[in-house]
Amino acid sequence: MRHLVYIASFLPQVGESLASFGDGTPAPYLDFGSDGTFGVRAEVATRTFLQDCDREAVEQAHARLVRQSAAVIAAVIAAVITGPVQAAAWQRVPSTYVVCAQDNGIPAAVQRVQAGRATHVVEVATGHHPFLSRPSVVARLLLDLA
């Protein structure tokens, strides 16, 4: 069985780009350095994406944050963010959208609009990363799909 699961995500239509969902400004959690690199501002990322995670999960997430070449993000913006979607699998494969009702990164209202494109919708009382803050909830959802 094939089934797509989207967690606090965007489901663009064919012809839309991911840029169509934003205002064109860099995300506030990104830090662009004068050395040609960028990274994630740990304190902003915690408030935005990890606010409901336990201390250990936050520490482990922060330990994995690394700076990258800004050239990488330029290529991603050109190819993925601003390029129109050529195919939308959610239009032909059964899908479940998980709305994270306490998400500080993508407001729940925005998620609910995107969720309307999926076959099935589940709402959970978590932040942006339920697989870190409530892994049993995500595991149960996936097992129920099997």
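The basis for the numbers below is simple: all heavy atoms, side chains too, and nothing from hydrogens, waters or symmetry mates. All residue numbers in this chain count up from 1 along the given sequence.
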Contact between P130 and I7 at the side-chain level, heavy atoms closer than 4.5 Å - yes or no? yes
Contact between I106 and H128 at the side-chain level, heavy atoms closer than 4.5 Å - yes or no? yes
OG of S34 to CZ of F32: how many Å apart, nearest 0.5 Å? 13.0 Å
What is the distance from atom CD of Q60 to atom CG of L50, rounded to the nearest 0.5 Å?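 It comes to 11.5 Å.
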Can a salt bridge be assigned to the pair D31 and R67 using a cut-off of 4.0 Å between side-chain N and carboxylate O?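 Answer for the salt bridge query: yes.
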Under 3.5 Å donor-acceptor, [X] side chain and [Y] backbone:
| X | Y | value |
| --- | --- | --- |
| Y97 | S9 | yes |
| Q114 | L11 | yes |
| S95 | A118 | no |
| W90 | P12 | yes |
| Q86 | P84 | yes |
| T48 | V44 | yes |
| Q51 | Q102 | yes |

Would you call the rings of Y29 and F49 parallel, tilted or perpendicular if under 30° counts as parallel and over 60° as perpendicular? perpendicular
Any donor-acceptor N or O pair under 3.5 Å, side chains [X], [Y]:
| X | Y | value |
| --- | --- | --- |
| D52 | T126 | no |
| Q111 | D103 | yes |
| T96 | H3 | yes |
| Q91 | Q13 | yes |

Report the C-alpha separation of E43 and R47 in whole Å, then their side-chain angles, then the decisive distance to 0.1 Å, and conclude whether the salt bridge (charged side-chain N to carboxylate O under 4.0 Å, His left out) test is met. CA-CA 7 Å; E43 68 285 350; R47 287 191 311 270; 5.9 Å; no
How far apart are the C-alpha atoms of H62 and T46, what are their side-chain angles, what is the distance that settles it, and do they pass the side chain to side chain contact (heavy atoms under 4.5 Å, CB included) test? CA-CA 9 Å; H62 285 197; T46 299; 2.6 Å; yes
For R134, is the CZ atom crowded, meaning more than 12 foreign heavy atoms sit under 6.0 Å from it?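 No, because the 6.0 Å sphere around CZ of R134 holds 12 heavy atoms or fewer from other groups.
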Would you please test V40 and L30 for side chain to side chain contact (heavy atoms under 4.5 Å, CB included) and show each step? CA-CA 5 Å; V40 173; L30 294 179; 4.2 Å; yes
